[in-house]
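Okay, structure first, notes after.
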Amino acid sequence: MTRDAAPGTDTPAASAAPSVRRVPLITLLLSSLATMIGSTVTMAAVPLAVLTLSSSSLALGAVGAAETAAAAIGLVLAGPLADRVGPRRLAAWSALTAAVVLTAILLADAVGQLHVWVLACAGAATALAAAPALVCRQLLISPAARAAGADEARVQSLYWLFPRLGIVIGAPAAAVLVTTAGPVAAIWADIGSYLVSALLVTGFLPAPGHRAEEAGAHGYLGQLREGIRAMTANRVIRSMAILAFVLSVLDAPRIPVIAPLYLRHSGAPGSALAWVVAAYTAGSLAGLLLYALLLARRPALPVVAGCLLGTAASYAALAGAHGAGAAVLCMTVMGFAQGPFLPVMVSVLTAHTDPAVRGRVLSTLLAVVSAALPLGDLLFGSLVSALPLPAVLLTTAAVYAGAVWPTARVLGR
C-alpha cells in the first residue's frame with residue numbers, strides 16, 4: 001500500500017495559492033452539510049413510514065433502536081479501519097455503501113414487500129455503513145485546517161455548525177418531499193446526499209498520513225482498555241460519562257419516538273415532524289452560537305445547570321401543551337438549552353484529561369453515549385405503550401432537573 005505523506009511535511013498544497021489551499025476544508029464542510037441534509041430527510045421519512053405500516057409505538061422504538069445500535073457498532077469499528085485504509089478512503093466507501101444499502105427500502109416498496117422489519121434491517125445496515133464516515137471526517141479536520149492555514153480550534157467550531165445547518169435545510173426539504181412524494185420516495189434525497197459526499201471526499205480531499213504501524217503495535221483492544229482506564233480513574237470524567245449516558249437515554253427517542261407520537265396524538269399532519277426537527281436544530285444552533293460568542297470562558301457549572309433546567313422546563317411545557325405549534329415552540333427552546341452541552345462536555349474532558357490519552361478517552365465516551373441510544377428508544381417505546389405520553393414527558397423533565405444537583409457536586413469541586 002502506498003503510504004500517504006506524513007502530516008506536517010511539505011506538499012504541493014502547502015505552497016499553493018490560499019484559495020486552492022482552502023479547497024480541502026471547504027470540501028470537508030460541504031460533505032458534512034450534504035450528508036446531514038439527506039439524513040434529516042430520512043430522519044423524518046422513516047418514522048412516518050413505520051407509522052403507516054403499524055400503529056405500535058413499540059415498533060417505532062424498535063426501528064430507532066436498531067439504527068442507533070448499528071451506528072454505535074459502526075463507530076467502534078471505524079477506528080481500526082481508518083488506521084488501516086486511511087480516513088479519506090474509508091469515508092468514501094462508507095458513504096457509497098450506505099447509499100447502496102438504503103436502496104433496499106425503495107426496492108421492497110416497489111415490489112410491495114415493505115414491512116416494519118425491512119425498515120429496521122435496512123435502517124440498521126445503513127447506519128452501520130454510514131457511521132465510519134462520521135469518524136473519518138473528524139480525522140480529516142486537522143489536515144484540512146493545516147492545508148488552509150487556519151486555526152484548528154476555530155475550524156473545529158466551524159465544523160460543528162455545518163451538521164446543524166444541514167438539519168435546518170433538510171427539515172423543510174423533508175416536509176416538502178414527504179408531502180408531495182411520500183415518506184418512502186423521500187429517501188432518494190438521502191441516497192443522493194451519500195453519493196455527493198463520496199464524490200466530494202474522493203475528488204477534492206487530500207489523503208492525510210496515518211500510522212498503521214502504531215495501531216498494529218498497540219491494537220484496537222489495547223487502546224480501548226487504556227481509554228477506559230483513563231476515564232474511570234478520574235472522578236470528574238467518570239461522573240460526566242455517567243451523566244452523558246443517562247442524558248443520552250433520555251435524548252435518543254426525542255425525534256424518532258416522542259415527536260411523531262406527540263404529533264399523532266395532537267392530530268397534527270405527519271409532515272409537521274420535519275418542522276419539529278428544524279425547530280430543535282435552529283434552537284440548538286442559536287444556543288451553540290451563544291456559547292461560542294459569550295459563554296465559552298464562563299465556568300462550566302452555571303452553563304450546564306442552565307442546559308439541564310432549560311431542557312426540563314421544555315419537556316414539562318410539552319407535557320401540558322397541545323398541537324404542532326406547541327411542539328415547534330417547545331423543541332426550539334429545548335434545542336437552545338441543549339446547544340452548548342456538547343462543547344461544554346468536551347471542554348471539561350479536555351481540562352481533566354492527559355493529552356496523551358485524550359483521543360482515546362473521547363472515543364470511549366462516544367461509545368458510552370452511543371450504547372445509550374438504543375436503550376432510550378426501546379425504553380420510551382415501552383413506557384409510552386404503558387403510560388400516557390404527558391406522564392412520560394413529566395418524568396423526563398424531573399430526571400433532567402434532578403441531574404443538576406449531582407452535576408453541581410462534580411463540577412463545583
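All values below come from the heavy atoms of this structure, side chains included, with hydrogens, waters and symmetry mates left out.
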Enumerate, atom names and distances included, each donor-acceptor pair closer than 3.5 Å involving a side-chain atom of residues 174-187, sequence neighbours excluded.
from   : atom 1 : to     : atom 2 : distance (Å)
Thr179 : OG1    : Ala175 : O      : 2.7
Thr180 : OG1    : Val176 : O      : 2.7

Against Leu33, only a single residue in Leu28, Leu165, Val196, Leu200 fulfils side chain to side chain contact (heavy atoms under 4.5 Å, CB included); can you say which?
Leu165
Output for pair (Phe162 CZ, Ile169 CD1), nearest 0.5 Å, gives 9.0 Å
Min side-chain heavy-atom separation Tyr315-Thr395 under 4.5 Å:
no
Give the minimum heavy-atom separation between Leu243 and Ala403, together with the two atoms involved.
CD1-CB, 4.0 Å
pair Leu247-Phe341: side-chain heavy atoms closer than 4.5 Å
yes
Got a donor-acceptor contact below 3.5 angstrom from the Thr40 side chain to the Gly170 backbone?
no
Would you list the atom pairs, donor with acceptor, under 3.5 Å between side chains in residues 320-340 and any protein atom, with sequence neighbours excluded?
from   : atom 1 : to     : atom 2 : distance (Å)
Thr332 : OG1    : Val328 : O      : 2.7
Gln338 : OE1    : Arg254 : NH1    : 3.4
Gln338 : OE1    : Tyr280 : OH     : 2.4
Gln338 : NE2    : Asp251 : OD1    : 3.1
Gln338 : NE2    : Tyr400 : OH     : 3.3

Using a 4.5 Å cut-off on heavy atoms from C-beta on, say whether the side chain of Glu67 contacts that of Val46.
yes
Check: Arg137 and Ser94 side chains under 4.5 Å, non-hydrogen atoms
no
When every non-hydrogen atom of Ala70 is compared with those of Ala127, the smallest separation belongs to CB-CB, 4.2 Å
Closest non-hydrogen atom pair between Ala99 and Thr103, with its separation:
O-CG2, 3.3 Å
Partner residues of Ser32 under the side-chain hydrogen bond (donor to acceptor under 3.5 Å, both in side chains) criterion, sequence neighbours left out:
none
Would a distance-only check, ignoring hydrogens and angles, find a side-chain to backbone donor-acceptor pair under 3.5 Å from Thr97 to Ala129?
no
Is there a side-chain contact between Leu96 and Tyr194 (heavy atoms, below 4.5 Å)?
no
Short side-chain to backbone donor-acceptor contact, Thr202 and Leu199, under 3.5 Å
no
OG1-CD1 distance between Thr232 and Ile237, expressed to the nearest 0.5 angstrom:
9.5 Å
Polar contact flag, side-chain donor to acceptor under 3.5 angstrom, Ser193-Thr35
no
Note, Thr126 side chain near Ile105 side chain (heavy atom, < 4.5 Å):
no
Rounding to 0.5 Å, atoms OG1 (Thr407) and CG (Leu301) come to a distance of 8.0 Å
Rounded to the nearest 0.5 Å, what separation is found between the CD1 atom of Ile258 and the CG atom of Leu263?
11.5 Å
Considering non-hydrogen atoms only, spot the tightest contact between Ala91 and Cys136 and give its length.
CB-CB, 3.7 Å
Taking all atoms of both residues into account, what is the closest heavy-atom pair of Ala259 and Val276, and its distance?
CB-CG1, 4.2 Å
Is a side-chain donor or acceptor of Ser54 paired with a backbone partner of Leu51 at a separation under 3.5 angstrom?
no
Any donor and acceptor pair, going by atom type alone, linking the side chain of Asp190 with main-chain N or O of Ser39 inside 3.5 Å?
yes
Walk me through it: do Val304 and Val404 pass the test side-chain contact (heavy atoms from CB on, under 4.5 Å)?
CA-CA 8 Å; Val304 173; Val404 174; over 6 Å; no
Would you say the side chain of Leu30 lies within less than 4.5 Å of the side chain of Ile26, judging by non-hydrogen atoms?
yes
Inter-residue atom distance His265.NE2 - Leu389.CG, 0.5 Å rounding:
6.5 Å
Distance col, row Leu48:CG vs Arg264:CZ, nearest 0.5 angstrom, shows 11.0 Å
